[in-house]
Amino acid sequence: MTFSLTTWNINSVRLRMPLVASFLKTHQPDVLCLQETKCPNDAFPLAAFRKLGYEHAAIHGQKGYHGVAILSRLPLDDEARRDYCGKGDSRHVCAVVAPPNGPKIRLHNFYVPAGGDEPDRAINPKFAHKLDFLAEMRALHSEAERASGISSILVGDLNIAPLETDVWSHKQLLRVVSHTPVETETLNALQMDGAWVDLMRRHVPPQEKLFTWWSYRARDWQQTDRGRRLDHIWSSADLSGHLRSIEVLREARGWERPSDHVPVTARFLF
DNA sequence: ATGGTGGACATTCCA
């Protein structure tokens, strides 16, 4: 049996609902994880998702900013939210899903703080927040959960492009927030701590450039191709052998009134 | 070195 999951920073779920509907009709992932929904829970378009076959939802939104959601064709159990850094931001939601013939999987959906412009925690509180948020994420040990009989998947907009090939120019972005050494080292440490596997790079060789985000500010995003890989799909080690494909839907950046991020889909076989 | 665009919300903040 296959199990598929998409992560997508949607930059307003209400504005982008027609694009989401079109994507779900053509790709039909079992689970959709959204970030930057920018939508309070009582205004979330649950009915529209239900009509598309996504009857199960774990949502965590707020007015104006941030917001994460898990929409699913399969039942979701044991849903939870965590308030990272005690700021009251809606940046994490999780739930357990059990694909047919597969293990129980806890899905963590994150929207990590972008971190502002200046990569110095002493003068930029947003950058300090980003690093503190990542430090708090280290408490998630996928191995610990595995030991209690449950596998893990971590997805979301982590706002960090860790590899040299995750940005259009390693040299030119070394001092740009999202690709600074302190961020990429912190992300790598977090990944090792939890024994997380970077499934996108399991499927696409690290030598190949791979982007999931292109700035709105570029005159022609396609021509200059100044992208970054800010969106990620990680899993506990036991799931990596079940991965069958990763699809980065680059064409979605060219849709009408697009998000600046594109959907990334992982397909597993159990 | 600078500003470019886009979304929400309220007349600015955030990315």
Side-chain angles (χ1 to χ4, degrees), chain A residues 7-23 33-45 48 59-69 83-85 87-92 109-121 123-134 155-162 166-169 171-180 182-184 187 211-232 249-264:
Chain A
T7 181
W8 194 4
N9 178 319
I10 199 62
N11 189 15
S12 172
V13 67
R14 284 175 287 183
L15 187 70
R16 231 68 82 182
M17 201 57 214
L19 292 187
V20 175
S22 154
F23 172 80
C33 294
L34 298 175
Q35 303 87 34
E36 280 206 273
T37 53
K38 298 185 174 177
C39 182
N41 288 346
D42 60 11
F44 197 91
I59 61 177
H60 186 202
Q62 66 183 85
K63 186 178 174 182
Y65 304 103
H66 324 313
V68 285
D83 180 7
Y84 282 77
C85 301
K87 293 171 73 82
D89 287 352
S90 300
R91 295 180 178 276
H92 168 261
N109 181 13
F110 279 99
Y111 175 51
V112 172
D117 289 333
E118 193 59 52
D120 179 350
R121 69 176 303 145
I123 60 169
N124 175 9
K126 290 180 188 173
F127 196 70
H129 179 210
K130 184 176 197 174
L131 297 180
D132 292 345
F133 193 103
L134 293 166
V155 306
D157 177 3
L158 304 186
N159 266 314
I160 298 176
D166 291 337
V167 292
W168 63 274
S169 167
K171 259 189 151 175
Q172 290 181 78
L173 287 166
L174 265 174
R175 275 172 291 276
V176 173
V177 172
S178 74
H179 193 62
T180 65
V182 63
E183 292 170 271
T184 57
L187 196 73
F211 309 145
T212 64
W213 172 90
W214 292 260
S215 172
Y216 283 128
R217 296 176 190 180
R219 217 158 281 164
D220 183 341
W221 73 275
Q222 208 158 15
Q223 193 245 317
T224 52
D225 197 24
R226 295 188 169 184
R228 306 178 201 170
R229 183 170 72 107
L230 303 179
D231 303 277
H232 297 265
L249 196 65
R250 186 184 166 99
E251 68 178 57
R253 185 62 180 79
W255 291 348
E256 203 174 319
R257 299 207 79 181
S259 169
D260 44 355
H261 297 251
V262 299
V264 182

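Note on A:Lys63: a side-chain N or O is less than 4.0 Å away from OP1 or OP2 of B:dA10. Between A:Arg217 and B:dT2 there is no side-chain polar atom (N or O) within less than 4.0 angstrom of OP1 or OP2. The side chain of A:Arg14 places no N or O atom within less than 4.0 Å of a non-bridging phosphate oxygen (OP1 or OP2) of B:dA8. Side-chain nitrogen and oxygen atoms of A:Lys126 include none within less than 4.0 Å of the OP1 or OP2 phosphate oxygen of B:dC13.
Taking atom C1' in both B:dT11 and B:dG7, one finds a spacing of 15 Å when rounded to whole Å. Taking atom P on both B:dC9 and B:dA15, the two are 15 Å apart, rounded to the nearest angstrom. Using atom C1' as the reference point in both B:dG4 and B:dC14, the two lie 16 Å apart (nearest Å). Between B:dA10 and B:dG6, the distance separating the two P atoms is 22 Å to the nearest Å.
Counting heavy atoms of neighbouring residues, nucleotides and ligands inside a 6.0 Å radius, atom CG of A:Asp220 exceeds 12 of them.
Rounded to whole angstrom, the span from the CH2 atom of A:Trp255 across to the C1' atom of B:dG6 amounts to 18 Å. Straight-line distance from the CG atom of A:Asp117 to the P atom of B:dG3: 12 Å, rounded to whole Å. For the pair A:Tyr216 OH and B:dG3 P, the computed distance is 22 Å after rounding to whole Å. Across the protein-nucleic acid pair, A:Gln62 atom CD and B:dA15 atom P stand 11 Å apart, rounded to whole Å. The separation between A:Trp213 atom CH2 and B:dA15 atom P is 12 Å, rounded to whole Å. Going from atom CZ of A:Phe127 over to atom C1' of B:dA15 covers 16 Å, rounded to whole Å. The interatomic distance linking A:Arg228 (CZ) with B:dA15 (C1') rounds to 11 Å, in whole Å. Rounded to an integer number of Å, the gap from A:Trp221 CH2 to B:dG4 C1' is 18 Å.
Within 4.0 Å of A:Arg219, counting heavy atoms only, lies no atom of the nucleic acid at all.
A:Gln35 and A:Thr7 share a side-chain donor-acceptor pair at under 3.5 Å. For the 3.5 Å distance criterion, the side chains of A:Asn11 and A:Glu36 fail to qualify, holding no donor opposite an acceptor.
At distances below 3.5 Å, not a single donor-acceptor pair connects side-chain atoms of A:Tyr111 with backbone N or O atoms of A:Leu34. Panel note: side chain A:Ser259, backbone A:Asn9; a donor-acceptor pair is recorded below 3.5 Å.
Summary of the strand contacts: A:His261 and A:Leu15 both lie near DNA chain B, and taking for each the nucleotide with the nearest heavy atom, the more 5' one is attributed to A:Leu15. Heavy-atom distances to DNA chain B give each of A:Ala114 and A:Arg16 a nearest nucleotide, and the one nearer the 5′ end belongs to A:Arg16.
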